[in-house]
Protein chains: 4
Amino acid sequence: MTKLEQRRKEMVTSVMREGIYEAVVEVLTEHGLDGLTMDRVAAQAGVGKASLYKYFANKQEMLRFVHAKAIEPVTAAVQTHLKSDIPADQKLRAILRTWFEHLGEHQVLFNLFCNDFGVEGLLKSEELTEQERALQDISNVLEEGVRSSVFRKVDTARTSLLIFGAVRQLVEQQLANDETWPTDELTEHVMDFFSRGLQVR
Amino acid sequence: MTKLEQRRKEMVTSVMREGIYEAVVEVLTEHGLDGLTMDRVAAQAGVGKASLYKYFANKQEMLRFVHAKAIEPVTAAVQTHLKSDIPADQKLRAILRTWFEHLGEHQVLFNLFCNDFGVEGLLKSEELTEQERALQDISNVLEEGVRSSVFRKVDTARTSLLIFGAVRQLVEQQLANDETWPTDELTEHVMDFFSRGLQVR
Amino acid sequence: MTKLEQRRKEMVTSVMREGIYEAVVEVLTEHGLDGLTMDRVAAQAGVGKASLYKYFANKQEMLRFVHAKAIEPVTAAVQTHLKSDIPADQKLRAILRTWFEHLGEHQVLFNLFCNDFGVEGLLKSEELTEQERALQDISNVLEEGVRSSVFRKVDTARTSLLIFGAVRQLVEQQLANDETWPTDELTEHVMDFFSRGLQVR
Amino acid sequence: MTKLEQRRKEMVTSVMREGIYEAVVEVLTEHGLDGLTMDRVAAQAGVGKASLYKYFANKQEMLRFVHAKAIEPVTAAVQTHLKSDIPADQKLRAILRTWFEHLGEHQVLFNLFCNDFGVEGLLKSEELTEQERALQDISNVLEEGVRSSVFRKVDTARTSLLIFGAVRQLVEQQLANDETWPTDELTEHVMDFFSRGLQVR
DNA sequence: TATGAATGAGCTTTCATTCAT
DNA sequence: AATGAATGAAAGCTCATTCAT
């Protein structure tokens with residue numbers, strides 16, 4: 001019984017948090033980060049303002065949740081690729097495509113995540129970790145590739161920074177200009193470049 | 001006399017603006033962009049709040065000034081390299097080194113410039129152009145390199161995004177971790193990577 | 001339910017706005033228009049400053065409300081007299097008495113309405129129309145009186161200015177000196193004067 | 001010598017005050033009462049801001065002076081008429097014409113004097129006295145007229161209020177609408193009205 | 001003496017957070 | 001349990017007045 005009630009409560013909480021998540025995304029899309037007031041979120045979510053504080057300790061926590069939830073599918077997809085049984089270069093390609101796909105989809109939200117959310121430490125601790133995980137993932141793939149002689153010997157830590165930064169910039173450019181580039185083309189272009197570099201053969 | 005007075009006034013204004021500039025940097029370092037209040041700037045600068053408005057029409061103008069002043073030496077150095085009479089790959093190397101040097105120096109400030117200042121139209125029109133200029137510069141060098149067969153034929157626009165993004169990410173990593181990597185090493189690493197890519201020879 | 005809640009809310013809002021109205025009047029009485037700060041209004045009303053903004057979009061709206069609420073009973077009473085079925089001179093008399101009665105009551109507030117509120121666009125569009133309406137009303141009565149030969153032929157537009165100005169000045173004098181003259185006596189005096197003029201019969 | 005110096009100083013003071021007077025009028029015309037800042041006055045007068053405080057104790061005193069100076073010619077002209085040796089009705093006519101002439105001329109300034117300057121007691125004590133003097137003047141003429149049987153017996157105090165208020169309203173209307181009515185016509189209209197009233201003969 | 005630089009005190013407005021219902 | 005009303009604290013900005021030069 002107690003357990004059942006707890007179950008139910010957790011369900012409710014979960015549903016509410018998702019509703020709030022969507023409201024936040026909506027408000028961010030419409031009013032930007034500076035226009036993200038608790039009032040607006042509550043109104044958009046169709047709940048009382050005070051209720052937001054039943055599900056999140058404060059605005060910062062709410063944003064953290066939103067961030068995590070938004071990034072989650074990307075992380076999941078990437079993990080799947082990481083665990084798959086394909087050569088390192090294929091893994092890298094798959095990861096890049098995953099990034100391009102998701103970031104292109106969610107447009108405004110990811111635009112905010114890349115540009116605004118470093119601000120003032122709203123998410124600092126979490127978000128950096130997030131980014132760090134992405135870097136770690138790439139780094140792992142690189143190491144694997146180096147080990148299996150698919151890639152030449154490189155400083156994997158720094159090289160993963162190069163790759164991540166490059167991808168991020170590409171997406172940012174897309175979003176900033178409201179363009180949508182074909183995911184495959186982008187991926188191939190990056191892969192091609194990172195494979196061969198600038199060198200004339 | 002009038003001219004002399006004007007001269008003196010300009011000096012004073014200039015000195016004050018620099019003082020305020022430094023105060024802003026200090027406050028940004030300590031409290032972040034959202035913690036950058038006029039009160040704090042005034043306190044840090046050791047002047048009355050109202051005085052700030054004698055030297056800048058409003059907060060936005062102040063930030064514009066700070067931004068311009070901070071970015072100026074980088075821009076200048078890059079322009080110098082661009083005009084110099086060296087092969088494209090040397091130019092690219094020089095530009096990259098310039099970025100690493102300056103961004104490493106000013107730490108927090110440039111960290112903010114890369115992440116925060118696009119926010120909410122604080123500097124919108126100007127700042128975007130700033131980043132775009134950087135991209136254009138790299139793009140030009142790439143084109144020059146392609147023309148002179150120093151580089152292989154690449155999509156210069158997108159490739160400049162790759163390079164800029166990579167550099168930005170490297171610097172960000174440095175600043176985030178409060179580390180300082182040797183400029184030369186960084187430059188060579190990036191150049192090496194972008195030259196040869198990941199491919200096993 | 002929803003309807004009931006709405007009803008209640010409207011009541012609360014209405015009560016609050018009236019409370020604020022009275023606070024404004026009080027502050028105006030004590031500190032004048034330039035001393036009418038939101039802080040003082042809030043303090044006088046016994047609410048937080050921010051609460052004022054729950055009931056009025058901004059200071060200007062608040063003043064508009066105060067103005068409307070204060071002027072409303074006068075306007076209403078005058079309209080009633082205008083529509084009544086009595087000779088023009090009786091109508092004029094009734095209107096004048098109405099003015100004297102109400103203006104005498106609200107003292108400081110109406111003093112401000114006549115002198116201050118045209119200032120600087122606080123109520124600009126509305127308030128000018130207000131005074132103009134009063135003039136129009138008098139003008140209409142005069143025209144009616146002229147048509148029915150109760151009054152001699154006069155330039156009704158200008159004459160209404162004369163009458164309105166005279167009444168206004170009388171009230172102003174009263175308020176300035178904190179005197180209270182009997183309404184009837186005042187009315188009769190004015191009517192008598194405007195009827196016969198200065199001429200020796 | 002001391003006396004001479006004093007003389008010279010008084011001259012300078014006088015000249016400066018007049019210059020400031022004109023600057024104030026200019027600023028009032030251009031920016032309204034709320035736009036009348038000491039900065040603007042100083043700039044318009046071509047003197048340092050601090051200098052204003054050499055010639056006036058504070059803003060309020062400055063405004064008092066401006067008011068007095070603006071009203072002075074009217075007062076003077078009226079006094080002349082009062083002392084002249086003509087029948088009371090002629091005197092009244094002359095005074096009215098004087099008012100219409102001057103008030104029509106100075107447009108903006110007198111518009112402000114009639115509408116804005118009661119605000120917050122900027123000039124209260126002085127200005128009321130000013131107005132009271134005007135009323136006294138009219139009252140005296142009326143009394144004289146009554147004594148000499150030019151006017152019928154009226155309550156001169158209140159009647160002077162009627163007349164003054166009427167004139168004021170006429171001028172206000174003119175200024176508010178940026179119209180200019182012929183002085184003579186206005187005067188005759190008022191005189192005619194106040195002589196005969198509304199009564200059908 | 002004349003001044004412009006400096007500023008304290010104060011303005012309107014906003015919003016995350018609380019709390020009585 | 002859910003909420004909207006209430007608000008303290010803080011923001012950007014202004015201006016009459018002073019004071020060192």
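Everything numeric here is computed off the predicted structure, so don't read it as measured data. So you know, we letter chains A, B, ... as the sequences are listed, proteins then strands, and number each from 1.
Atom CE in C:Met38 sits roughly 14 Å away from atom P in F:dT7 (whole-Å rounding). For B:Lys54 and F:dC13, the NZ to P distance is 15 Å, given to the nearest whole Å. Atoms CD (A:Glu61) and P (E:dA16) sit 15 Å apart, rounded to a whole Å. Straight-line distance from the CG atom of D:Asp34 to the C1' atom of F:dC15: 12 Å, rounded to whole Å. Here the P atom of nucleotide E:dA5 and the CE atom of B:Met11 are 15 Å apart, to the nearest Å. Following rounding to the nearest Å, B:Tyr55 (OH) and E:dA6 (C1') show an atom-to-atom distance of 8 Å. Rounded to an integer number of Å, the gap from CZ of B:Phe56 to P of E:dA6 is 13 Å. Note: CG (B:Leu36) to P (F:dA10) measures 16 Å, nearest angstrom.
Distance OG1/C:Thr37 to NZ/C:Lys59: 7.0 Å, rounded to 0.5 Å. A distance of 11.0 Å separates OH of C:Tyr55 from OG of C:Ser14, quoted to the nearest 0.5 Å. The CG atom of A:Asp39 lies 3.5 Å from the NZ atom of A:Lys49; values are rounded to the nearest 0.5 Å. The distance from the CD atom of B:Glu26 to the NE2 atom of B:His31 is 9.5 Å, given to the nearest 0.5 Å. From B:Asn58, atom CG reaches atom CZ of B:Arg64 across 8.0 Å, with rounding to the nearest 0.5 Å.
Each of F:dA16, F:dA11, F:dA5 was ranked by its minimum atom distance to the side chain of B:Lys59; first place goes to F:dA11.
Screening D:Glu22, D:Arg40, D:Met38 against D:Val27 for a side chain to side chain contact (heavy atoms under 4.5 Å, CB included) leaves a single residue, D:Arg40.
Less than 4.0 Å separates DNA chain E from at least one heavy atom of each of the following residues of residues 41-52 of chain A: A:Lys49, A:Ala50.
Within the 4.0 angstrom heavy-atom criterion, base atoms lie near C:Asp39.
Residue whose closest nucleotide on DNA chain E sits further toward the 5' end, between C:Arg40 and C:Ala57: C:Arg40.
D:Phe65 and D:Phe56 have tilted rings, their planes meeting at an angle from 30° to 60° on a 0 to 90° scale.
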